[in-house]
A.B. asks: 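If you scroll down you'll find the structure; I have some questions about it.
Lettering follows sequence order; numbering is per chain, from 1.
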Number of protein chains: 2
Amino acid sequence: MRLVIARCSVDYAGRLTAHLPSAPRLILVKADGSVSIHADDRAYKPLNWMSPPCTLKEADGVWTVVNKAGEKLIITMEEVVHDSSHELGVDPGLIKDGVEAHLQELLADRIETLGTGYSLIRREYPTAIGPVDILCRDGDGGTIAVEIKRRGEIDGVEQLTRYLDLLNRDPHLSPVKGVFAAQEIKPQARVLATDRGIGCVVLDYDALRGIEDDKLRLF
Amino acid sequence: MRLVIARCSVDYAGRLTAHLPSAPRLILVKADGSVSIHADDRAYKPLNWMSPPCTLKEADGVWTVVNKAGEKLIITMEEVVHDSSHELGVDPGLIKDGVEAHLQELLADRIETLGTGYSLIRREYPTAIGPVDILCRDGDGGTIAVEIKRRGEIDGVEQLTRYLDLLNRDPHLSPVKGVFAAQEIKPQARVLATDRGIGCVVLDYDALRGIEDDKLRLF
DNA sequence: TTCTTAATCTCGTGG
DNA sequence: CCACGAGGTTAAGAA
């Protein structure tokens with residue numbers, strides 16, 4: 001990892017063209033060859049960057065970074081204030097918890113959360129346009145397609161609607177009803193879902209996990 | 001901007017919980033108080049971060065970053081290899097070209113690109129669910145709603161479909177046909193659009209801009 | 001390789 | 001403050 005603090009101007013030509021006027025900035029060159037340029041605000045997003053794989057050439061204070069697609073990042077250095085390099089090695093990586101895949105696992109294991117008598121058919125039920133998160137039966141033996149999101153917005157309702165259209169063309173399954181399950185459902189998504197006869201369920205992640213933990217403790 | 005290279009472990013508890021095992025990394029503390037943690041690969045995304053506004057407290061090698069929503073980032077420092085601070089000032093910011101807004105401008109100025117006899121009604125035609133990119137008339141006097149994207153995907157077709165549903169409820173406008181215009185249209189989006197009677201047009205940005213450039217040269 | 005979907009998405013804009 | 005759309009989205013996973 002090479003850290004450079006310098007006054008520089010930057011030009012990018014690729015998916016769009018962009019220009020950064022001359023100013024002091026941080027330039028990061030990482031071990032994989034990637035380059036990013038940061039201002040002194042915002043944690044997440046660099047002002048400009050080039051993702052790996054790419055190659056960097058330095059000549060007369062002009063750095064040219066090119067990738068395979070022919071995108072170019074040109075950094076014109078004016079005043080280098082700091083320049084240091086450090087060996088970091090490969091990072092062991094982030095361990096996450098609480099994402100959609102985990103919600104799906106938890107809900108599949110506790111499908112009765114959706115209602116009395118519910119039973120799982122399968123997770124990731126395959127269709128021509130992609131897998132439905134959960135397919136299950138309700139207490140009356142009817143088929144239910146469940147779409148799970150961390151945050152339920154309009155896109156998720158549209159997605160579930162496409163699945164339902166398709167599933168209902170299959171005479172073996174039809175009629176299939178829809179349930180939109182999320183930790184948080186935005187009002188507009190709820191309105192759209194309700195308008196289309198899709199049920200909405202707010203999931204309590206801690207409660208679902210708590211149930212799982214109780215289960216685990218039994219063994 | 002403070003640059004710290006250190007062996008550290010990191011815990012995040014907020015929208016999810018996540019953990020980074022001990023390893024050497026770069027920790028960036030920016031002037032706005034934001035903190036990000038980078039490994040030695042990938043230009044764009046930090047391993048962990050806390051967006052501003054947030055506050056940082058250091059105590060006995062443990063850094064605690066908290067934001068207003070109660071999200072927490074805890075960095076346990078083990079071996080500090082480098083620690084330097086630099087004044088950068090406010091960045092003048094990025095100047096962009098080639099985005100959707102520009103495409104919309106160009107197409108509005110050359111609406112005949114869509115077909116002979118086409119004429120602009122207006123850009124950003126307001127509806128209850130948001131503005132339609134372009135509303136225009138075709139050669140036969142029929143009304144056309146145009147949705148413009150840089151990359152045309154299913155979401156864009158859904159969006160246009162919602163606009164068309166709404167516009168066709170207005171007896172002054174109905175019947176309104178749809179055109180999906182993009183620099184690149186994904187196959188699935190094309191299939192969905194065609195299935196719904198929506199026309200697809202691939203835009204040539206350079207050609208549109210070239211036409212504009214020719215126009216400018218006349219004055 | 002291409003395509004699809006999730007993301008601690010981020011970031012702007014407008015009501 | 002929320003809702004919505006765009007992003008050089010990025011990044012991961014499947015076909």
A.B. asks: Less than 3.5 Å apart, any donor N or O on the side chain of Gln183(B) or Lys149(B) sitting next to an acceptor on the other?
C.D. replies: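 No - no donor-acceptor pair under 3.5 Å links their side chains.
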
A.B. asks: How far, in whole Å, is dA7(C) from dG7(D) if one measures between their C1' atoms?
C.D. replies: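 Their C1' atoms lie roughly 13 Å apart.
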
A.B. asks: What is the distance from CD of Glu153(B) to C1' of dA6(C), rounded to the nearest Å?
C.D. replies: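 Checked: the CD to C1' distance equals 13 Å.
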
A.B. asks: Assuming nearest nucleotide by heavy-atom distance, tell me which of Lys68(A) and Gln159(A) is located more 5' along DNA chain C.
C.D. replies: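 Nearest-nucleotide comparison on DNA chain C picks Lys68(A).
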
A.B. asks: Compare the minimum distances between each of dG8(D), dC3(C), dA6(C) and the side chain of Glu71(A), then state the nucleotide with the smallest one.
C.D. replies: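 The listed nucleotide nearest to Glu71(A)'s side chain is dG8(D).
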
A.B. asks: Output yes when Arg123(B) and Asp133(B) qualify as a salt bridge under the 4.0 Å nitrogen-oxygen rule, no when they do not.
C.D. replies: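 No salt bridge links Arg123(B) with Asp133(B).
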
A.B. asks: Is the closest basic N to carboxylate O distance between Glu158(A) and Arg196(A) below 4.0 Å?
C.D. replies: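 Looking at Arg196(A) together with Glu158(A), the answer is yes, because their closest N to O distance falls below 4.0 Å.
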
A.B. asks: Between dT8(C) atom P and Tyr205(A) atom OH, what is the distance in whole Å?
C.D. replies: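 Between P of dT8(C) and OH of Tyr205(A): 13 Å.
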
A.B. asks: Identify, residue by residue, the members of residues 191-200 of chain B with a heavy atom below 4.0 Å from DNA chain D, and return them in order of residue number, or none.
C.D. replies: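 Heavy-atom cutoff 4.0 Å gives no residues at all.
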
A.B. asks: Determine the contact category for Pro131(A): base if any of its heavy atoms lies under 4.0 Å from a base atom, sugar-phosphate if only primed atoms, P, OP1 or OP2 are that close, otherwise nothing.
C.D. replies: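 No contact.
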
A.B. asks: What is the distance, rounded to the nearest whole Å, between atom CZ of Arg190(B) and atom P of dT4(C)?
C.D. replies: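 Spelled out: CZ on Arg190(B) to P on dT4(C) is 14 Å.
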
A.B. asks: So, are Asp32(B) and Arg42(A) salt-bridged, with charged N and O less than 4.0 Å apart?
C.D. replies: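 Looking at Asp32(B) and Arg42(A), the cut-off is not met.
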
A.B. asks: Could you tell me how far apart Asp97(A) (CG) and dA7(C) (C1') are, to the nearest whole angstrom?
C.D. replies: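 For the pair Asp97(A) CG and dA7(C) C1', the rounded distance is 16 Å.
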
A.B. asks: Closer than 4.0 Å, any side-chain N/O of Lys186(A) to the OP1 or OP2 of dC2(D)?
C.D. replies: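 No, because none of the side-chain N or O atoms of Lys186(A) sits under 4.0 Å from OP1 or OP2 of dC2(D).
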
A.B. asks: Whole angstroms only, please: what is the CD-P distance between Glu124(A) and dT5(C)?
C.D. replies: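 Value for this atom pair: 11 Å.
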
A.B. asks: Salt bridge between Glu78(B) and Arg25(B), side-chain N to carboxylate O under 4.0 Å?
C.D. replies: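 Here Glu78(B) does not pair with Arg25(B) in a salt bridge, since their nearest N and O are not under 4.0 Å apart.
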
A.B. asks: Between dA6(D), dA6(C), dT8(C), which nucleotide has the shortest distance from any of its atoms to the side chain of Lys149(B)?
C.D. replies: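 Of the options given, the side chain of Lys149(B) lies nearest dA6(D).
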
A.B. asks: How would you label the contact of Asn48(A) with the nucleic acid (heavy atoms, under 4.0 Å): base, sugar-phosphate, or nothing?
C.D. replies: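 Base, at least one base atom sits under 4.0 Å.
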
A.B. asks: May I have the distance from Leu103(A) (atom CG) to dA7(C) (atom P), rounded to whole angstrom?
C.D. replies: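 One finds 9 Å between P of dA7(C) and CG of Leu103(A), rounded.
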
A.B. asks: Between Tyr12(A) and His19(A), does the ring centroid distance fall short of 6.0 Å?
C.D. replies: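 Aromatic pair excluded; centres sit 6.0 Å or further apart.
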
A.B. asks: Can you tell whether the side chains of Glu153(B) and Arg151(B) come within less than 4.0 Å, N to carboxylate O?
C.D. replies: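 Salt bridge: yes.
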
A.B. asks: Write out a two-atom table: protein N or O, nucleotide N or O from nucleotides 10-13 of chain C, distance below 3.5 Å.
C.D. replies:
from	atom 1	to	atom 2	distance (Å)
dT10(C)	OP1	Trp49(B)	NE1	3.4
dT10(C)	OP2	Arg15(B)	NH1	3.4

A.B. asks: My understanding is that only one of Val191(B), Ile185(B), Ile198(B) makes a side chain to side chain contact (heavy atoms under 4.5 Å, CB included) with Val157(B); could you say which?
C.D. replies: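 Exactly one candidate clears the test, Ile198(B).
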
A.B. asks: Using a cut-off of 4.0 Å on non-hydrogen atoms, how would the nucleic acid contact of Leu94(A) be classed: base, sugar-phosphate, or nothing?
C.D. replies: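 Base contact.
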
A.B. asks: On a whole-Å scale, what distance lies between the P atoms belonging to dA11(D) and dC11(C)?
C.D. replies: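 The answer is 15 Å between these two P atoms.
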
A.B. asks: In whole angstrom, what separates Glu158(B)'s CD from dT4(C)'s P?
C.D. replies: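 Rounded to whole Å, this separation is 13 Å.
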
A.B. asks: A quick test of your reading: do over 12 heavy atoms of other residues, nucleotides or ligands sit less than 6.0 Å from CD of Glu87(A)?
C.D. replies: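 Open.
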
A.B. asks: In whole angstroms, how far is the P atom of dA6(D) from the CG atom of Leu160(B)?
C.D. replies: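 So the two atoms are 12 Å apart, to the nearest Å.
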
A.B. asks: Any donor and acceptor pair, going by atom type alone, linking the side chain of Thr17(B) with main-chain N or O of Ala13(B) inside 3.5 Å?
C.D. replies: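 Absent.
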
A.B. asks: If you pin Lys96(A) and Pro187(B) to their nearest nucleotides in DNA chain C, which one's is more 5'?
C.D. replies: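 Its nucleotide being nearer the 5' end, the pick is Pro187(B).
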
